[in-house]
Amino acid sequence: MSASGMNFTLSDEHKMIQKAARDFAQKEIKPIAAEFDESGDFPAETIKKMGEMGFMGIEVPEGYGGAGMDTLAYALALEEICKADASHGTIMSVNNSLYCYGMLLFGTDYQKENFITPVASGEKIGAYSLTEPMSGSDASEMRSRAVLDGDDYILNGRKSWVSGGPVADYVVVFMMTDQDKGYKGISAFVVDAALPGLIRDKKEPKMGIRASATSELVFEDYRCPVKNRIGEEGEGFKIAMTVLDAGRIGIACQALGIAGAAYEASVEYAKERDAFGKKIGQFQGISFKLADMKTRIEAARLLIYQAAASKENHKETGERYTLEAAMAKLFASETATFCANAAVQIHGGMGYSKELPIERYYRDAKITEIYEGTSEILRLVISRLETGLR
Ligand code: CAA
């Protein structure tokens, strides 16, 4: 598919990664998804295999352990993984977009060699840590501090809602180096989570994406070498926002995968289940729901492919794709909650039962409207860009 040239046929390479991801997800992930959702354990084994297949660093050049493919390849693979299980999708998305892609854009050669290669190949897990207990949507209001001391920064503070926090080997973290400068006083660092001074604190008991371990990270006099600072001092907020543009495409793909799984199960059920002497899909109350689900899914897909094409353009020209990424995530996430809600309704009691994955889709879909920019923040981003007003 080349969205820029409006050619809606996938290339052989794209079809290949889509099929590889679909086969793997259906065979290896789908059967274990309910068990990991229940336990909340991190699915280390399947994630390792995904690394071996090149899914943990799809856009990372082969020289740094990745698959050397483009954003569309990433989108296609991620959608397939999320159709089987959104938790695996979160881990894949954070590793690819928030960690590897950010470091590719802003890292030094030293950082790329040491901190991308092991993560893109799936041997190690990467995380991204911006949010704090008192700073979520208002991301620049952070309180964590990094203070220069010789060849190191000393990091102190509490970070929250870190996807992969309980298991990550390396974390890209944002901290204030100069509180007086507001967002221009924020800097980015890549830290080794095994070193002293980094404590993996409270694990979040979550409603959905339960196997994508999430926790607080507490920094207590953690020594981070200056050579691990990403970009210059004060560039952290721009780095965080630039990386979130890429991340938002990932979450849009996750939402598309959940919506697709909910839709496909609903079509099957509507064709099988009898009521009042007919298949329930013959009643308009059900069939119109299916029509709306399908239409929204395909519209979300086009917004995602447009955003993916804009991100490819960004690689060439540096032109921002904030608007396209925000629209794709906003629409796809609301499509996911719409479709998961409709799927529960179509399945009736069975939709509410843990015997089927439908209730899991419903719980998993909700996070896509919240993390990496709530729907409210995305509407603010889109409308500000369109009107120029603040
Ligand atoms: N790309 C590059 N630069 C950007 C940018 C982008 N997408 N967005 C903003 N900037 C720049 C602006 O140009 C501006 O720089 P200049 O002054 O040099 O022009 C600077 O950043 C400040 O921008 P704003 O004045 O617009 O900042 P703001 O504070 O008014 O609002 C916001 C910004 C849009 C509300 C932003 O804070 C935001 O997106 N908040 C949501 C944060 C978020 O998504 N958090 C999720 C965390 S990750 C997660 O969910 C957990 C996980 O592990 C998955």
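Just so you know, ligand 1 is whichever comes first in the structure, and atom 1 is the first atom listed for that ligand.
Atom 43 (C) of ligand 1 has L244 CD1, 3.6 Å as its closest protein atom, hydrogens excluded (heavy atom only). In terms of protein heavy-atom proximity, atom 17 (O) of ligand 1 is closest to Y183 OH, 2.2 Å. Closest protein heavy atom to atom 40 (N) of ligand 1: S137 O, 2.8 Å. What sits closest to atom 39 (O) of ligand 1 on the protein, heavy atoms only, is R248 NH2, 3.1 Å. With hydrogens left out, the protein atom closest to atom 52 (C) of ligand 1 is S163 OG, 3.4 Å, a heavy atom. In terms of protein heavy-atom proximity, atom 19 (O) of ligand 1 is nearest to K238 NZ, 4.2 Å. Ranking the protein heavy atoms by distance from atom 48 (S) of ligand 1 puts Y128 CE2, 3.8 Å first.
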Self-check item: Stepwise side chain to side chain donor-acceptor pair (under 3.5 Å) check, E235 with S187
Solution: CA-CA 6 Å; E235 286 183 352; S187 303; over 6 Å; no

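Salt bridge present: E79 and R301 bring a charged side-chain N and a carboxylate O closer than 4.0 Å. A salt bridge is defined here as a Lys NZ or Arg NE, NH1 or NH2 lying under 4.0 Å from an Asp or Glu carboxylate O, and R143 with E132 fails to meet this definition. Ion pair D85/K30 not flagged as a salt bridge, since none of the NZ, NE, NH1 or NH2 atoms sits closer than 4.0 Å to an Asp/Glu carboxylate oxygen. Here D364 pairs with R360 in a salt bridge; the nearest charged N to carboxylate O distance falls below 4.0 Å. Taking the charged nitrogens against the carboxylate oxygens, K202 and E204 do have a contact shorter than 4.0 Å, which makes a salt bridge. For K354 and E359, the salt-bridge test passes: some basic side-chain N is under 4.0 Å from an acidic carboxylate O.
Contacts between V381 and ligand 1 below 4.0 angstrom, taking non-hydrogen atoms only, involve the side chain exclusively. Residue contacts with ligand 1 for W161 involve N, CA, C or O but no side-chain atom from C-beta outward (heavy atoms, distance under 4.0 Å). Contact annotation: for T374 versus ligand 1, there are no heavy atoms closer than 4.0 Å.
Using cut-offs of 30° and 60° for the angle between ring planes, the Y110 and F115 rings count as perpendicular.
A 6.0 Å sphere centred on CZ of R363 holds more than 12 heavy atoms belonging to other residues, nucleotides or ligands.
Residue-ligand proximity, T242 to ligand 1, at heavy-atom distances under 4.0 Å covers atoms 1 (N), 2 (C). Residue contact check: T131 has heavy atoms under 4.0 Å from atoms 47 (C) of ligand 1. For ligand 1 and D245, the ligand atoms under 4.0 Å from any heavy atom of the residue are 1 (N), 6 (C), 7 (N). Atoms of ligand 1 found under 4.0 Å from any heavy atom of G373 (numbered from 1 in listed order, with element): 43 (C), 44 (O), 46 (C).
The cationic atom of K159 (NZ for Lys, CZ for Arg) does not lie both less than 6.0 Å from the six-membered ring centre of F219 and within 45° of the ring axis. Within the cation-pi definition used here (under 6.0 Å to the ring centroid, within 45° of the axis), R210 does not qualify as a partner of F36. Cation-pi contact between K311 and Y101: present, with separation from the ring centre below 6.0 Å and deviation from the ring axis of at most 45°.
The heavy atom nearest to atom 28 (P) of ligand 1, out of those in E376, K329, M241, R384, is found in R384. Considering each of R320, E372, R390, the one bringing a non-hydrogen atom nearest atom 13 (O) of ligand 1 is R320. When the heavy-atom distances from atom 21 (O) of ligand 1 to Y321, Y371, F237 are ranked, the shortest goes to F237.
Within the 4.0 angstrom cut-off, atom 32 (C) of ligand 1 has no protein heavy-atom neighbours.
Checked against a 3.5 angstrom limit, the closest N/O atoms of T322 and ligand 1 fall inside it.
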